[in-house]
Amino acid sequence: MSTLEQRAPAVAPSPIPVHLGGVRGGPKAATLRRDRWWVAPVLTVSALLAFVGYSTWAAFQNRDYYVGAAMHRDYLSPFYSPCITANCQVKFGPVIGSWWQISPAILILIFPLGFRLTCYYYRRSYYRSFLWAPPACAVADARPRYSGESRFPLIFQNVHRYFFYFGVIFNVILTYDAVEAFRFPGDGGIGVGVGTLIFVVNAVLLWLYSLSCHSCRHLCGGQVNSFSSHPIRYAVWKRLTPLNRRHMLFAWMSLFWVAFTDVYVRLVASGAIHDPKLF
Amino acid sequence: MADYDVKELDVLVIGAGGAGLRAAIESASLGARTGVVCKSLLGKAHTVMAEGGIAAAMGNVWAEDNWKIHFRDTMRGGKMLNNWRMAQLHAQEAPDRVFELEEWGAAFDRTPDGRILQRDFGGHRYARLAHVGDRTGLEMIRTLQYKAIYLDDLEVFMECTVLRLLVEGGRVTGAIAYWRETGRFVVFRAKATVLATGGIGKAFRFTSASWEYTGDGHALALWAGADMLDMEFVQFHPTGMIWPPSARGILVTEGVRGDGGVLRNSEGRRFMFDYIPPFFAAETADNEAEADRWYDDKRNRRPPELLPRDEVARAINAEVKAGRGSPHGGVFLDIASRRSAEYIERRLPSMYEQFLELADVDITKEPMEVGPTCHYMMGGVRVEPDTCAATVPGLYAAGEVAGGMHGSNRLGGNSLGDLLVFGRRAGAAAAEFARSAGGLGPLDEAQVARICADALQPFANEQGESPYELHRELQQTMQDLVGIIRTESELAEARDRLVGLAARVPGLYAEGNRQFNPGWHLAIDLRAMVAVSTCITLSALERRESRGGHTRDDYPKPDPEYFGKHNHITRLEEDGTVSVHAEPLPEMPPELAELFEEATVS
Amino acid sequence: MTVTAEKLTETPTQTPLVTMRLWRGDATGGCFVDYEVEASEGEVVLDVVHRVQATQAPDLAVRWNCKAGKCGSCSAEVNGRPRLMCMTRMSTLPPGEAVTIAPMKTFPILKDLVSDVSFNYVVARQIPPLAPRPREADGTHRIAQVDIDRVQEFHKCIECFLCQDVCHVIRDHEGNKAHFAGPRFFVRAAALEMHPLDTLDRRPLLRHHLGLAYCNITKCCTEVCPVGIKITDNSIIPLKERVVDGYFDPIAWLGRKIRRKPARTPVTEPLAPQATAGANGPRPGRRSPGEA
């Protein structure tokens, strides 16, 4: 039995006799749309699968995720940061002991993954493109039964704000990594390489994605009913609102860029390319 | 033969716009079993089209404002033909009705100190219109709708058209109607009936009105034997869209001018300075510099763009006639060059959308093309000011269908206040009448059967003509011959054509069956439209002067001696003809008359 | 002879023919019927439908009122997409193709393009209205513009019910109508919850009776809204977050315990239906299926 029904047996049957009578009539087709409505779900599926495929592969590699002092750089792949296990002592002391044998990325990716999985924007896109509920507006759902986010497991989408809190912690760490990317050990101390710029952009995009989050907007100010008596929260809310409008954009950009950052680190670390120092 | 349901009520309200809902709320709150019948769905009434605001002298923006000044503005706007008592009640009670809406959830725009913001409008001395951007009517109807649905004594009967009022023993005892959905008949038996059916716009070709505006209430009252007042006064709103043709007539709110928009002709001239009538000369700016200062400092005289609507509509008409019109036969309304894009989008969001969507015009960058469009019916059912009682017992009227409040010309913003003030009064009086008047006798079934049979006639006229064609002819006749500028010969021609049209109405053919059949519905609505058009035309023929919404080419001046002191009463005679009589205006008490003797600018 | 503004208007000369493929039928069945009809420059779909009505199909049922996008009556599905017919310009549709117009799918058909939207009027009645706090000493309510901004966005709703129509929760799952209010009424609930004068807490109602959790934020409601209300971002998601505050967030719960702020009065049950029917019950004029 679902959580909702346990708490509220009144849901079915409703105490209000909602009038459900009448024949729907009208055309029977699943959709009358003749435009290419399937393009968007196909693109979403392709992009998300590509990301999941790559990140899984990259996470299990357990190598080439750090460009260290030997190469006069300090680039740690965002998939592996912070490196806190015994088998990944590139920057921090081991917080997790040597019992952790598999790739440290697995431990870390849970949090960004959880943040994105419960994100209101990603929910929209995977409900549409993977679950086909619905595949596009005014196109019929693929499955006959539907209970939305009212039951287990999807009721857990409500924890999004906690993933947001973790997301902020990760942003701090990745910002720290971006600052570290200005270090050029043994090569003049500090500088800017192509990798540095990639790290900075990565941190900026991740902040934009987190700050534009719907939970963030709500917690910062949206939850108050009287803005005039909370002027600071209103000011924050007002600035977050335009960011929130572009949440989808930031979601895709940051997703792409974080993978790209990993690709870049991997290529430099494996020696496939050289990271040019700009100045 | 006739198959119908019967519903028993204390108070029947016909129409679910602002006035109808306000009346029903009042009557149901007083414990009367109230039914509201409306032709559309609940919440779709024409009130949603009102844009500018509700005129109420709350004094939130200009503390100098009070009901006396509002009263005076109203009377002067109506060229003194208004029923003084209605104008007084309206000015006195409008603020309370606005506060009431706020209490029920209406989200008015606010002043910096948190009060209800008020905006400038034509003919109002002070910024006086409580508003919600440029969709005040929507806010009002939604607020009233969501007040009404929770009342236990109030029932709404949607998509139901009234055919005739039931008249038994010299008293209105309800109405006979049909469900649009099924075409089946229903009899509402009520101790009191309130008409709140709005206007008559669909009798004209270029109109801001929706299909509902077929003058049902006017005709129902006329057929029931009630007196009609000043039927010749039809307001043409000066600014309707004129391009593209399909958008022709759609309203462009006066708020555009209140917020700084100006009218220009094809030469780029602000021509309104050339059309300031002596009556308003003392309070109207005669140069652009002073007019522009007025927006910030009300001690300056008003820009002529904000003269009452009849003056502006006539001026636009004259400019176009003189060959200085815009490419599509209107003039330019320009706010783009005068206000920032941000300001325009915030103050006039729906105008911005409307032009962008329908005409590909970005009003923050280009001027709008506008021209007069049929907008409002000042004339209507003659009522007692305090109770809104018509001249037939048991019948009440409020809102646009009632006459008297606005005289010969309505000021913008006064109609929403009118709906609330007199809607409430009609509802209260009807509930009281229902309580004190005796019960109803047995139903006059013969009367019902006759009306039902009559309504079904179009299905039998298999060789008859299409109602759509007849409607087009009626609209063209009224537009061309009884429009903004009228003259004896054209009015006489209209009268003759209307006789012909009226003769063709009984022969209209409705194809198909009774189930949601627009052709049949139109055939029935045309009966009301032709009757009302006839009243307008006959009344207009008799008024040999120009005043407010009635402009006679052959009598271009107002006649203060006779017509300025008389109302026109129209009624249906025993022989089925419509007669027009002149009656002296009710006398204004001295303490109110004094208000008009002071210097014009106080 | 007077010359009025309208007589000077040039009439458009181009009148190309278009094919209007309109659904004709009622609860007992129906089919698409093609009508060849003229369409002039600048016209909207509703104009052309009216021309079909005036010249070829006088009994074609179509609901409309203002023809200016303000009343929300002429909702239908144009080429499969929920739209207002009066705000869909012919020029925006693919040229040379038939224009398909069907009634809203989510609601029972009455006839042709007209649907029975009484579901919405039933739901509307369940949500308790504004319960305003007392007035100030001077008899007014003082409300800052910033506090009413959000409410004003929601009050733009014209009740066209296109969001209800496109919402797959009820569009594709009729049974959900028993416990899902739909986007329109989440907008209504949000307008009440965020109203600066309100003193009620409708979150229990939203969670247990109005089916807020059934929304999976696919944003189709926002896409079809003809007045541009950001239904999902500004009303549904904030309501979901408010429900999380109340039911799923231990920190928020702790915060409430510590600060003991005066709570709004919780609403746990929807309002009971009226004894009478009217707008809030079955349509009085309806025939039940099978009745002659």
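In what follows, chains are A, B, ... by sequence order, proteins preceding strands, each numbered from 1.
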Is the closest side-chain heavy-atom distance between [X] and [Y] below 4.5 Å?
| X | Y | answer |
| --- | --- | --- |
| C/Phe248 | A/Val159 | no |
| C/His168 | A/Tyr146 | yes |
| C/Ile251 | A/Tyr162 | yes |
| A/Val23 | C/Pro108 | no |

(request) Working to the nearest 0.5 Å, report the span between NE2 of C/His195 and OG of A/Ser226. (result)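 Spacing of NE2 (C/His195) from OG (A/Ser226) equals 12.0 Å.
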(message) Within this structure, what is the CG-OH distance for the pair A/Leu154 and C/Tyr214, rounded to the nearest 0.5 Å?
(response)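 Result: 12.0 Å between the selected atoms.
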Identify which of [options] forms the greatest number of heavy-atom pairs closer than 4.5 Å to chain A.
| options | answer |
| --- | --- |
| C/Ala252, C/Pro250, C/Cys167 | C/Pro250 |
| C/Met104, C/Arg24, C/Lys219, C/Arg171 | C/Arg171 |
| C/Asp245, C/Val169, C/Thr100 | C/Asp245 |

(message) If I compare all heavy atoms of C/Gly80 with all of A/Ala138, which pair ends up nearest, and what's the gap?
(response)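 The answer is O-CB, 3.3 Å.
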If you count heavy-atom pairs under 4.5 Å between each of [options] and chain C, which one has the most?
| options | value |
| --- | --- |
| A/Arg161, A/Gln157, A/His247 | A/Arg161 |
| A/Arg245, A/Lys238, A/His218 | A/His218 |
| A/Ala136, A/Ala30, A/Gly25, A/Ser228 | A/Ser228 |
| A/Asn158, A/Asn244, A/Val224 | A/Asn158 |
| A/Ser229, A/Ala29, A/Ala133 | A/Ala133 |

Under a 3.5 Å threshold, yes or no: a donor from one side chain and an acceptor from the other, between [X] and [Y]?
| X | Y | value |
| --- | --- | --- |
| A/Arg123 | C/Asn216 | no |
| C/Arg242 | A/Asn225 | yes |
| C/Asp233 | A/Tyr120 | no |
| C/Asn176 | A/Arg145 | no |

(request) State whether C/Glu241 and A/Arg217 are salt-bridged, where the test is any N-O pair (Lys NZ or Arg NE/NH1/NH2 against Asp/Glu carboxylate O) under 4.0 Å. (result)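 Looking at C/Glu241 and A/Arg217, the cut-off is not met.
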For [X], is it the side chain, the backbone, both, or neither that has a heavy atom closer than 4.5 Å to a heavy atom of chain A?
| X | result |
| --- | --- |
| C/Phe180 | neither |
| C/Arg150 | side chain |
| C/Asp249 | both |
| C/Gln145 | neither |
| C/Ile170 | backbone |
| C/Leu212 | neither |

(message) Looking at C/Asp172 and A/Asp141, would you say the former's side chain and the latter's main chain have a donor-acceptor pair under 3.5 Å?
(response)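 Indeed, once roles are kept as given, a pair shorter than 3.5 Å links the two residues.
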(message) Under a 3.5 Å distance rule, please check whether C/His173 uses its side chain to pair with a backbone N or O of A/Pro144 as donor and acceptor.
(response)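 Yes, because the side chain of C/His173 sits within donor-acceptor range (under 3.5 Å) of the backbone of A/Pro144.
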Greater than 12 external heavy atoms within 6.0 Å of [X]'s [atom1]:
| X | atom1 | result |
| --- | --- | --- |
| A/Arg36 | CZ | no |
| A/Phe130 | CZ | yes |
| A/Arg239 | CZ | no |
| A/Trp132 | CH2 | no |
| A/Arg246 | CZ | no |

(message) Please identify which of these residues, A/Ser125, A/Cys137, A/Pro134, meets the side-chain contact (heavy atoms from CB on, under 4.5 Å) condition with C/Thr218.
(response)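 Running side-chain contact (heavy atoms from CB on, under 4.5 Å) over A/Ser125, A/Cys137, A/Pro134 with C/Thr218 returns exactly one hit, A/Pro134.
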(message) As a quick check of understanding, evaluate side-chain contact (heavy atoms from CB on, under 4.5 Å) for C/Phe32 and A/Leu32, giving each step before the final call.
(response) CA-CA 12 Å; C/Phe32 281 111; A/Leu32 294 171; 3.9 Å; yes
(request) Apply side-chain hydrogen bond (donor to acceptor under 3.5 Å, both in side chains) to the pair A/Arg33 and C/Asn79, showing each step before the final yes or no. (result) CA-CA 6 Å; A/Arg33 283 179 66 169; C/Asn79 286 348; over 6 Å; no
(request) Give the C-alpha distance, both sets of side-chain angles, the deciding distance and a yes or no for salt bridge (charged side-chain N to carboxylate O under 4.0 Å, His left out) between C/Glu223 and A/Arg128. (result) CA-CA 14 Å; C/Glu223 280 181 31; A/Arg128 276 196 188 194; 3.0 Å; yes
